[in-house]
S.K.: 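Take a look at this one; I'll ask things after.
Here is the naming used below: chain letters follow the sequence lines, and residue numbers restart at 1 for every chain. Below, all heavy atoms of this structure are taken into account, side chains as well, without hydrogens, waters or symmetry copies.
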Protein chains: 2
Amino acid sequence: MEIPKELRESGLKATLPRLKILELFQRAEHSAPNGVRHMSADDVYRHLLKENLEVGLATIYRVLMQFAEAKILLRRQFDGDRAVFEINASEHHDHMVCVSCGKVEEFFDKAIEERQMLLAKQHGFSLRDHSLSIYGLCKGCVKRDRATFGAAIQSTMPLQPALSSPTRLVPKSHK
Amino acid sequence: MEIPKELRESGLKATLPRLKILELFQRAEHSAPNGVRHMSADDVYRHLLKENLEVGLATIYRVLMQFAEAKILLRRQFDGDRAVFEINASEHHDHMVCVSCGKVEEFFDKAIEERQMLLAKQHGFSLRDHSLSIYGLCKGCVKRDRATFGAAIQSTMPLQPALSSPTRLVPKSHK
DNA sequence: CTCTCTGCAAATGTTTTGCAGACCA
DNA sequence: TGGTCTGCAAAACATTTGCAGAGAG
């Protein structure tokens, strides 16, 4: 018993890159409190680098794709951001993404799930998947924003923010 | 009264590209039964070409971005697909996307909306936006698939589809 | 020993940007 | 006329692919 069953069952050969990438996501699942469960190809690349393992980005993309096909990982894409992956271990859930710090929280709501199935049926859709993401400021960022800009908002800021400062729904990147 | 109020109110100058792009989306809103409300930058480019107006793609991207900032258009991004825009005229709604033909249907569900607000509050999130997309086969594609592959599925296809044929959640592109 | 992987570099597709000239108010 | 736009070409990204050599079983 050396080779993880995820790999054995997928028919993929147990190579160093694949073992390390799988391990990385599994470690994230257990140790991380939150947010680190979700990693982009580049995140994976840099994590492995930190552990002195240089794997080509192309390989990482290929492995992530294969893992997603084998249902070992789940691929997510928050709004305009690049794809992130998370290990397919916990129950199905949706996401709440902080537009300021990029933190990702997970949630599950039975009522919403049921409504979705009902709605799909009503529209004659054969439901395959769905993705629900809620964007906003997380607890910490709300607090920080109020502390920093609280007074300013009341006094100097226009009600309708200027058109000139483009506001992304999701920050460009959280490296 | 020549210049559309959307442009006047946004502070953007009334230039030919902007007028035509706005008109294009407004026309799509009224005439189209469904699906054509949503257009990518490239869709817009080709539509204008068909009307003998060649606008640089860069300009189209810029205009779409400005319109989205001005809330004239809404920017959507279905899974791994490129961004599409729709006019911000109707009520808030979510989307049901056919993974086979790319058709987009809209829906609104009060119960889901309310659950989302509640969930955001419970997590301490200051809700800014959300996006819910349901992916599946639309009525027409379900029918077509059954007609074409119905028998084959029962007899020759493995229960667990082969790993070698990558299945995209959303078709790469619907040009 | 064979078929599967990997790394590299180059290609891809979408979106963004710098800049010089054209255009609206 | 002045600041705002546009078009072009080039850059920027994230992602994918072709190919030759390395590695797993």
S.K.: Counting the atoms with a prime plus P, OP1 and OP2 as sugar-phosphate, which does A:Gln77 contact under 4.0 Å by heavy atoms, base, sugar-phosphate, or nothing?
M.R.: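 Answer is nothing: A:Gln77 stays at 4.0 Å or more from every strand.
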S.K.: In whole Å, I'd like the distance from the CD atom of A:Glu54 to the C1' atom of C:dC8.
M.R.: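 Distance, rounded to whole Å: 11 Å.
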S.K.: With nearest nucleotides of DNA chain C determined for A:Gly11 and B:Val84 from heavy-atom distances, which residue corresponds to the more 5′ nucleotide?
M.R.: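 On the 5' side of the pair lies A:Gly11.
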S.K.: For the pair made of CG in A:Leu48 and C1' in C:dT6, what is the distance, rounded to whole Å?
M.R.: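 Result: 14 Å.
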S.K.: Output the rounded distance in Å from OH (A:Tyr45) to P (D:dT15).
M.R.: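 Result: 15 Å.
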S.K.: Should A:Arg27 and A:Glu51 count as an ion pair when the cut-off is N to O under 4.0 Å?
M.R.: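 Salt bridge present between A:Arg27 and A:Glu51.
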S.K.: Given atom CG of B:Leu49 and atom P of D:dG7, what is their separation to the nearest angstrom?
M.R.: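 Atom-to-atom, B:Leu49 to D:dG7, this comes out as 11 Å.
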S.K.: Between C:dT6, D:dT15, D:dG7, which nucleotide gets closest to the side-chain atoms of A:Val63?
M.R.: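 Closest nucleotide to the A:Val63 side chain: C:dT6.
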S.K.: Quick one: B:Leu57 CG to D:dA11 P, roughly how many Å, whole number?
M.R.: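 Computing the B:Leu57:CG to D:dA11:P distance gives 18 Å.
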S.K.: So, are A:Lys20 and A:Glu23 salt-bridged, with charged N and O less than 4.0 Å apart?
M.R.: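 Salt bridge flag = yes for A:Glu23 with A:Lys20.
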S.K.: So that I can tick it off, tell me whether A:Arg115 and B:Glu114 are bridged by a salt bridge, with the cut-off set at under 4.0 angstrom between side-chain N and carboxylate O.
M.R.: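 Not counted as a salt bridge, because no side-chain N and carboxylate O are separated by less than 4.0 Å.
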S.K.: Could you tell me the separation between the CG atom of B:Leu12 and the C1' atom of C:dC24, rounded to a whole number of Å?
M.R.: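 Distance check: B:Leu12 CG to C:dC24 C1' gives 13 Å.
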S.K.: Check whether B:Ile87 and B:Leu19 end up in the same hydrophobic cluster, where Ile, Leu, Val, Met, Phe, Trp and Tyr are linked by side-chain heavy atoms less than 4.5 Å apart.
M.R.: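 Looking at the clustering, B:Leu19 is in the same group as B:Ile87.
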S.K.: Please tell me which of B:Ala58 and B:Lys13 maps to the more 5' nucleotide of DNA chain D, matching each residue to the nucleotide holding its nearest heavy atom.
M.R.: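 Result of the comparison: B:Lys13.
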S.K.: In a check of side chain to side chain contact (heavy atoms under 4.5 Å, CB included) between B:Phe67 and each of B:Glu6, B:Arg62, B:Arg18, which one passes?
M.R.: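 Considering B:Glu6, B:Arg62, B:Arg18, a side chain to side chain contact (heavy atoms under 4.5 Å, CB included) with B:Phe67 is found only for B:Arg18.
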S.K.: Within the structure, does a side-chain N or O atom of A:Thr15 lie under 4.0 Å from either OP1 or OP2 of C:dT4?
M.R.: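 For C:dT4, neither OP1 nor OP2 has a side-chain N or O of A:Thr15 closer than 4.0 Å.
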S.K.: Under 4.0 Å from OP1 or OP2 of D:dT16: is there any side-chain N or O of A:Tyr61 that close?
M.R.: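 Negative; the distance criterion is not met.
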S.K.: Can you check the B:Arg82 CZ to D:dT16 P distance for me, whole Å?
M.R.: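 Distance check: B:Arg82 CZ to D:dT16 P gives 16 Å.
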S.K.: B:Arg62 side chain N/O closer than 4.0 Å to the phosphate oxygens (OP1, OP2) of D:dC5?
M.R.: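 Answer is no, no contact under 4.0 Å.
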S.K.: Between C1' on C:dC24 and CZ on B:Arg18, what's the gap in Å once rounded to a whole number?
M.R.: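 Whole-Å distance recorded here is 10 Å.
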S.K.: How is A:Ala41 classified with respect to the nucleic acid when contacts are heavy atoms under 4.0 Å: base, sugar-phosphate, or nothing?
M.R.: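 If one applies the 4.0 Å heavy-atom cut-off, A:Ala41 turns out to touch nothing in the nucleic acid.
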